Number of protein chains: 2
Amino acid sequence: MSFEQLQLKNQLCHRLYMASNSIARTYRTLLNEINLTYPQYVVMMALWEEDKITIAALIEKTAIDGSALTQILKKMTDKALLMVIKDESDKRKRFIQLTTQGQSLKHQAADIPKQIQCKFNSIDSAQAEQLMHLLDLVVHDLNSEEVDSLDINEQRT
Amino acid sequence: MSFEQLQLKNQLCHRLYMASNSIARTYRTLLNEINLTYPQYVVMMALWEEDKITIAALIEKTAIDGSALTQILKKMTDKALLMVIKDESDKRKRFIQLTTQGQSLKHQAADIPKQIQCKFNSIDSAQAEQLMHLLDLVVHDLNSEEVDSLDINEQRT
DNA sequence: TGCAAATATTTTGCATGCAAATTAAAATGT
DNA sequence: ACATTTTAATTTGCATGCAAAATATTTGCA
């Protein structure tokens, strides 16, 4: 596999870079109609699944960087899609809760997954599964390599 | 495939988003040592492959957005990695050429692909091939759907 | 009790990615 | 030749992603 590893066109990373940008671009166009960016849409998806969760939980669920999320939530609050609620028992925590407007946006966004899906003409569901699986492996490998001596302790889930 | 399509954790796009960010993060750490960002590294890779090419050619080869590339090239010029050379025959065009410093950086960056590769413990070369192939399909599908009536003309490569 | 260490978020600063508008120069059609 | 169109790059404005530093609280312990 190392024969032409130095060529850009043979690099996995560059493929990933291009694919990710392509998807983001595609979403941007679609999401533009409901005035959301992709990360904002991801936040909405997470909240439609489970409302009134902690910011930490939202970070966990969306994989959006915390410092970016702060800004994103600020903009979404301005758009009246959600509210930030302080936890009285632990004043460090904040809960994020959808507004009525945020909840109702779910209906308008209902067909977005289908619209995206129908663009994938070259990929059947088995291949999509495969792809998701492989991407999971990539993420796992790249995120778990920080551990060196902790291998033994952290390996179990 | 549509049963739980609305769940974030089942979305191809979210996987891609996470994988792309993970890779970018991994590169960032490595590239930090030679004072390059990932897009800047991609530009260097392209130029190490073929020096003194047009900005348009660089965009084509790297898939980096043109307006972003302008800024990136500016920073790389400041770092004395490359030079922008005007084409006398066509004053719209500019060629990008590596400086001696830019060329010699190739040696210092030589082991980066290996360092990245050795992090992929769960993926063998066959799976990497598979993954790249699937990502190509994704990119192809998402980038070629602008055509509607042009299908007949543009379908051939 | 009291203070260091751990948590949960936010703030800052820098580098993109991208759509849209702009500028400059070359190619085309008449 | 001359206006129109196309091509090559740049500029602008907005939204992130992320490392690092700063804040505010809570926990854990001596």
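Letters A, B, ... mirror the listed sequences (proteins, then strands); counts begin at 1. Since this is a predicted model, take the numbers as computed values, not measurements.
Partners of B:Tyr27 by side chain to side chain donor-acceptor pair (under 3.5 Å), not counting sequence neighbours, listed by chain and number: A:Gln11. Residues passing the ring-ring contact (aromatic ring centres under 6.0 Å, His included) test with A:Phe120, sequence neighbours excluded: none.
Using a 4.0 Å heavy-atom distance criterion, A:Ile72 is classed as a sugar-phosphate-only contact. B:Phe95 comes within contact range of no nucleotide atom at all, as no heavy-atom separation falls under 4.0 Å. Using a 4.0 Å heavy-atom distance criterion, B:Asn21 is classed as a sugar-phosphate-only contact. No engagement by A:Leu69 is indicated, since no non-hydrogen atom pair under 4.0 Å with the nucleic acid exists.
When each of D:dA20, D:dT11, D:dT25 is scored by its nearest atom to the side-chain atoms of B:Lys74, the top-ranked nucleotide is D:dT11.
Nearer the 5' end of DNA chain C, as judged by each residue's closest nucleotide, is the contact made by A:Leu73, out of A:Arg28 and A:Leu73. The residue among B:Thr70 and B:Arg25 whose nearest nucleotide of DNA chain D is located toward the 5' end is B:Thr70. Both A:Ala57 and B:Lys91 lie near DNA chain C, and the one whose nearest nucleotide falls closer to the 5' end is A:Ala57. Two residues, A:Ser89 and B:Ala68, neighbour DNA chain D, and the one matched to the more 5' nucleotide by heavy-atom proximity is B:Ala68.
Regarding B:Gln71, its CD atom lies at a distance of 9 Å from the C1' atom of D:dT12, rounded to whole Å. Between the P atom of D:dT10 and the NZ atom of B:Lys86 lies a distance of 10 Å, rounded to the nearest Å. Separating the CD atom of A:Glu88 from the P atom of D:dT26 is a distance of 10 Å, rounded to the nearest angstrom. The interatomic distance linking B:Lys93 (NZ) with D:dT7 (P) rounds to 12 Å, in whole Å. Rounded to an integer number of Å, the gap from CG of A:Asp87 to P of D:dT25 is 13 Å.
For A:Ser67 against D:dA19, a side-chain N or O and a base N or O form a donor-acceptor pair under 3.5 Å.
Follow the hydrophobic side-chain contacts under 4.5 Å out from A:Leu105 and you reach A:Val84 in the same cluster.
Contact between the side-chain N/O atoms of B:Arg94 and the OP1/OP2 oxygens of D:dT10 is found at a separation under 4.0 Å.
For DNA chain C, the contact window with chain A, defined by any atom under 4.0 Å from a protein heavy atom, covers C:dT7 to C:dA19 in 5' to 3' order.
One finds no salt bridge joining B:Arg94 and B:Asp87 here, because no Lys/Arg side-chain nitrogen approaches an Asp/Glu carboxylate oxygen to under 4.0 Å.
Separating the NZ atom in A:Lys75 from the CG atom in A:Leu82 is a distance of 13.0 Å, to the nearest 0.5 Å.
Considering only heavy atoms from C-beta on, B:Leu137 stays 4.5 Å or farther from A:Leu131 through its side chain.
Pairing partner, D:dA30: C:dT1, with both Watson-Crick or wobble hydrogen-bond distances short of 3.5 Å.
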Evaluate side chain to side chain donor-acceptor pair (under 3.5 Å) for B:Lys79 paired with B:Gln40, printing each intermediate quantity in order. CA-CA 11 Å; B:Lys79 292 194 223 177; B:Gln40 287 170 12; 2.7 Å; yes
